[in-house]
A.B. asks: 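Sharing a structure with you now.
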Amino acid sequence: MPTSKLKSYLLLLFIVIFHCVQAQKGDFLLSHYSLDVDGLDNLNFELKVNEDGQLCIANRSGVLLYEGNNWEFKATPSAALSIDFDSLGHIFVGCAGDFGKFGFQDGKYQFISLNPNKTDESLYFKTIVRDSLAFFISETNVIRYHLGQHKSFINYLDDPDEHFTYLFEADGDIMVQTNKKIYRYHEDQLVDDLDWKLPENAQFLFFDKHPTREQYVAGTMDNKVYIYRKKNFYECKMSKFLTEHESFVNNGVWVDDNHFALSTLEDGIILYSNRKSKIVDVINHDKGLPDNEIYTIGRDHEGGLWISHEFGLSRLEIGVPFRSFTNYHGLEGNLKDIYWFKGHLYVSTSKGVFYLEKSLNYKNTVYYVPVKGGRATATTASVSKKQQKAQRSRGKKKGPTSGGTKGSTTKYERRVKKHLVSSGYEFIKVEGIEAKCEKFIRYKKKLLVASSNGLYEIIKEYDRKEKEYEHTAELVVHEPIRFTFIDNHEGRLVIANHYNEIKLYNHEDEIWVQEDQIDFHGEMVLSALHQHNGITWFATPSHLYRYDSLSSTYHDFREYKYHNQFIDEVRIAAIDNQLYLINSIGYFYLDGAKDTILEDTTLMQTIGRPVKHLQEHGGKVWVNNGEAWYQINRNKSLVKREIFGLFPNMSFITNYRDNIWLIDDSHELLKYYPSQDDSLVWKNHMYLREAKSNKGDVNINVKGPIAFEHDENSFYFEMARPDYRGLLQIEYQYMLSGLNDNWSEWSTNNQISFNYLPPGHYKLDIRSRDHFGQIQQLDTVKFTIKPPYWQTLWFYGLQIIFMTGLVFGSVIMNRQAQQKYVLVTEGLTILTIVMVIEFLQTVAGGTLGIESTPVIDFAIDVMIALCVFPLEQFLKKLMKVSRQGPGLNGMAFLDLFKFSKSETQKAKA
């Protein structure tokens, strides 16, 4: 073969192999959600995200709210068809036969109807809130509601054949579309002064504004898509695709600055790049979407597209550099390992081995050609009605026909031609393996895979007749393998089986022959590391063994004790020229000078406990500390891979041609593209999801402090911050000034409860902290708990007046008392004294306001009683003396305020 021709073949082969590996872009990530609300179905009419990032859904049963963790249902009087928000976050809803908003009424957060017509049967299919106005539209009317004046204005159409079809906003104006024209809403009038260069017969289905620019994506009922900018419409190339595929579009939204998405009734989601003017992908059932019929779509602040379908909700993530390969048909079982061999991607699973192959989809076209030769008999052929219609429309026939002179016939032959319709990829199972497969091993030019049944060799051969490659497997070693590796120093295969035996095999004449066996005396061998210098390390649950030579006759091995009491999986790696063992307890290294295994406290302090740990084919170790993944390089440098926090439960990771592949939770195969931008953006805010007292819901969005009665003194607050990716790991902290002036500890608990707060003035501050250290704080919630009426100043004043009256009444009765009124006077006196003392104790106790145990409370009451005891004696004397002469106690009233003469004389003496 000439050299130039050989180079051409090699170049062609390289291009084919490169294309097979690089053309497999994978699918966008999809997450699926089920509505966790009893009694509700999945029929949703509109999806929107408010300013905080909370997902709000207009559902047939009401309004659903979701922030990434919990569903919340708000009932409406009928099916909720449309939804929008004002600047304060109030939810406005258009329903079947009604429209309104959610607010506080009768101590409960609930739907408040704004429709004065109680017999309305209109379907308010679109709601728009702009500034201080809310618009609701049905087929028969447009209603404008003023948020400040709480008044409505209704517009009707004069033409009985005209009806409303759509309501949208463009260039700062509210536009109203009917089946005949488009009006501009201006000062409660439908103004026909539109100067747009409209597409012919345009009836808009959707009209969505770009997230940052003054342009819109618009779709019409004739399945055409336009970009609207400055009163001009520019048709997109995807209109041709929609026409060719007969796709029926029902909605469209911008996903980010570059992409917009269309939802269809039977073809899933069409993602379009406006910058490149091409379709990026069609996300349907083949790409992991549960159903191709889409109800509605909406975008969130994190670059995610929410998709509503019969089976719930799905979220399409296009802003992260990960692609999924699991949606390709044919892959079965739990995924274990992946490997590339001779241009093919191989995946080992619990049901065997599969390889990724390009698939071509063809359609057959039938045509007829006349048979060359002499006169032939007439033949008949069946032609479908669709073909006959096509033939008539073109004015001529194809296929069998009569021709020539009368009586002569021409014979035709039926032929079938294949046309390439589309191409894709699918997984095909390698024949010959019916076992749970684990790790791939490459031995020279052979690909081996370890399984529970033994070691298989995967053979790839080209079938010249079928013009395709065949992949088969052959069992070469029959052992229940725990793990295996190649002894590069001796060129042998080392197998550790489930009987705790280490067997060594040589490859002789295409046969694996057992050469030797190392006995560990029943001790379980968990893992091994074979170094290029020929040293092999084995880890058991209690010891690390060093073998300078793999042989049953070698007895100079060394053993080192370490901690692994839970028999955790152990990773053995060479890091910074030291041997490391990593398990769930910590990081351990072999100290050559001390000849012992020590714990690396520096890594423990830097990373944290290795909750989960993985190892690439090349030996590089990955550790998850429960919050983030860290990549430990051979030089002991660390790389914190925050974006890999999307997959905290991944079970495998490896690197191939500068792209990282991983298996998430044994079910999904993903590819990471580090060349793409992996910076994640969060625009969601923390908000108070719920505020309640022991008497009902609490409206915190009021100006000034909120006042509560004394018996409304128990409160519950629930915070939220939307996190649909699950990366933020939100923690919360609060401080209630008036009760204490210290911040609470950071906690993942998003609920705060206060029970039986005493009367007073309070300020509640709440803040959140995410995994990246970003802190958000809510506006201070100020509230006051009023004291009970018996603790108010005016009630104290009334009590003082009443007590004073009793005192004076007792004095007067004592002064005028006769023998027959002694008992009445004594009773009134005692009652007055008791009430005065009780009043003083109540005031003193309320003023001190000490919270303590019952024993301390009793001691305080005793102290207060002792303090007021002299006062009690003074009151007795005051009320039981007469004004002049001997009273009941034999003393005059004025004698209380001076010493008697005899006492003065006694004092002088």
A.B. asks: In terms of ring plane angle, is the pair Phe795 and Tyr789 parallel, tilted or perpendicular, where the classes change at 30° and 60°?
C.D. replies: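 The arrangement is perpendicular - the two ring planes meet at more than 60°.
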A.B. asks: I'd like to know if Arg721 and Asp770 make a salt bridge, using a cut-off of under 4.0 Å between side-chain N and carboxylate O.
C.D. replies: yes
A.B. asks: Return the orientation label for the Phe647 and Phe322 ring planes: parallel under 30°, perpendicular over 60°, tilted otherwise.
C.D. replies: perpendicular
A.B. asks: Taking the six-membered ring of Trp306, is NZ or CZ of Arg299 closer than 6.0 Å to its centre and within 45° of its axis?
C.D. replies: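 Arg299 over Trp306 ring: no.
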A.B. asks: When you measure from the side chain of Arg184 to the backbone N and O of Ile174, does any donor-acceptor pair fall under 3.5 Å?
C.D. replies: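 Flag not set: sc Arg184 to bb Ile174 has no pair under 3.5 Å.
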A.B. asks: Take Phe99 and Val93 through the test side-chain contact (heavy atoms from CB on, under 4.5 Å) and record every step on the way to the result.
C.D. replies: CA-CA 6 Å; Phe99 58 87; Val93 186; over 6 Å; no
A.B. asks: With distance as the sole test, does Asp84 use its side chain to make a donor-acceptor pair with the main-chain N or O of Val129 at under 3.5 Å?
C.D. replies: yes
A.B. asks: Quick one: does any side-chain atom of Asp131 pair with a main-chain N or O of Leu133 as donor and acceptor, under 3.5 Å?
C.D. replies: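 The answer is no, because no donor-acceptor pair under 3.5 Å joins these two groups.
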A.B. asks: Ignoring hydrogens and angles, state whether a donor on the side chain of Asn251 or Ser263 is under 3.5 Å from an acceptor on the partner side chain.
C.D. replies: no
A.B. asks: Could you check Lys126, Arg130, Lys209 and say which one makes a salt bridge (charged side-chain N to carboxylate O under 4.0 Å, His left out) with Glu169?
C.D. replies: Arg130
A.B. asks: Can you check whether Ala628's main-chain N or O pairs, donor with acceptor, with Asn625's side chain at less than 3.5 Å?
C.D. replies: yes
A.B. asks: Where do Ser314 and Pro290 come nearest, in terms of heavy atoms and distance?
C.D. replies: OG-CD, 3.6 Å
A.B. asks: Are the aromatic ring centres of Tyr734 and Phe754 under 6.0 angstrom apart?
C.D. replies: yes
A.B. asks: Look at the aromatic rings of Phe168 and Tyr166 and report parallel, tilted or perpendicular, splitting at 30° and 60°.
C.D. replies: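 Because their plane-to-plane angle is under 30°, the rings of Phe168 and Tyr166 count as parallel.
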A.B. asks: Judged by atom type as modelled, is there a donor-acceptor pair below 3.5 Å linking the side chain of Asn694 to the main-chain atoms of Ser714?
C.D. replies: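 Indeed, once roles are kept as given, a pair shorter than 3.5 Å links the two residues.
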A.B. asks: Hey, is the main chain of His210 close enough, under 3.5 Å, to the side chain of Gln215 for a donor-acceptor pair?
C.D. replies: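 Not at all, since once roles are kept as given, no pair shorter than 3.5 Å links the two residues.
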A.B. asks: Got a salt bridge between Lys695 and Glu712, using NZ or NE/NH1/NH2 to carboxylate O under 4.0 Å?
C.D. replies: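 Salt bridge between Lys695 and Glu712, a charged N being under 4.0 Å from a carboxylate O: no.
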A.B. asks: Should Arg315 and Glu302 count as an ion pair when the cut-off is N to O under 4.0 Å?
C.D. replies: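 Salt bridge present between Arg315 and Glu302.
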A.B. asks: Are the side chains of His309 and Asn42 in touch, meaning some heavy atoms are under 4.5 Å apart?
C.D. replies: no
A.B. asks: With Val698 as reference, evaluate Phe104, Phe708, Phe783, Tyr109 under the side-chain contact (heavy atoms from CB on, under 4.5 Å) test and give the passing residue.
C.D. replies: Phe708
A.B. asks: Would you kindly say whether Ser113 and Asp98 are connected by a side-chain donor-acceptor distance under 3.5 Å?
C.D. replies: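 Looking only at side-chain atoms, Asp98 and Ser113 do form a donor-acceptor pair, the distance falling under 3.5 Å.
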A.B. asks: Evaluate the side-chain contact (heavy atoms from CB on, under 4.5 Å) criterion for residues Ile91 and Phe111: first the C-alpha distance (whole Å), next the side-chain angles of each, then the deciding distance (0.1 Å), finally the verdict.
C.D. replies: CA-CA 9 Å; Ile91 303 175; Phe111 180 84; over 6 Å; no
A.B. asks: Applying side-chain contact (heavy atoms from CB on, under 4.5 Å), run through Tyr716 and Glu690 and close with a yes or a no.
C.D. replies: CA-CA 8 Å; Tyr716 168 83; Glu690 191 174 27; 3.7 Å; yes
A.B. asks: Can you find a pair of side-chain heavy atoms, one from Ile128 and one from Leu167, that are under 4.5 Å apart?
C.D. replies: yes
A.B. asks: Under 4.5 Å between any side-chain heavy atoms of Ser737 and Leu764, yes or no?
C.D. replies: no
A.B. asks: What class does the angle between the rings of Tyr66 and Trp71 fall in, given that below 30° is parallel, 30 to 60° is tilted and above 60° is perpendicular?
C.D. replies: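 Ring orientation of Tyr66 relative to Trp71: parallel.
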A.B. asks: Should Leu40 and Phe73 count as side-chain neighbours, where that means a heavy-atom distance under 4.5 Å?
C.D. replies: yes
A.B. asks: Got a donor-acceptor contact below 3.5 angstrom from the Tyr724 side chain to the Leu55 backbone?
C.D. replies: yes
A.B. asks: Between Ser78 and Ala96, is there a donor-acceptor pair closer than 3.5 Å when you use the side chain of the first and the backbone of the second?
C.D. replies: yes
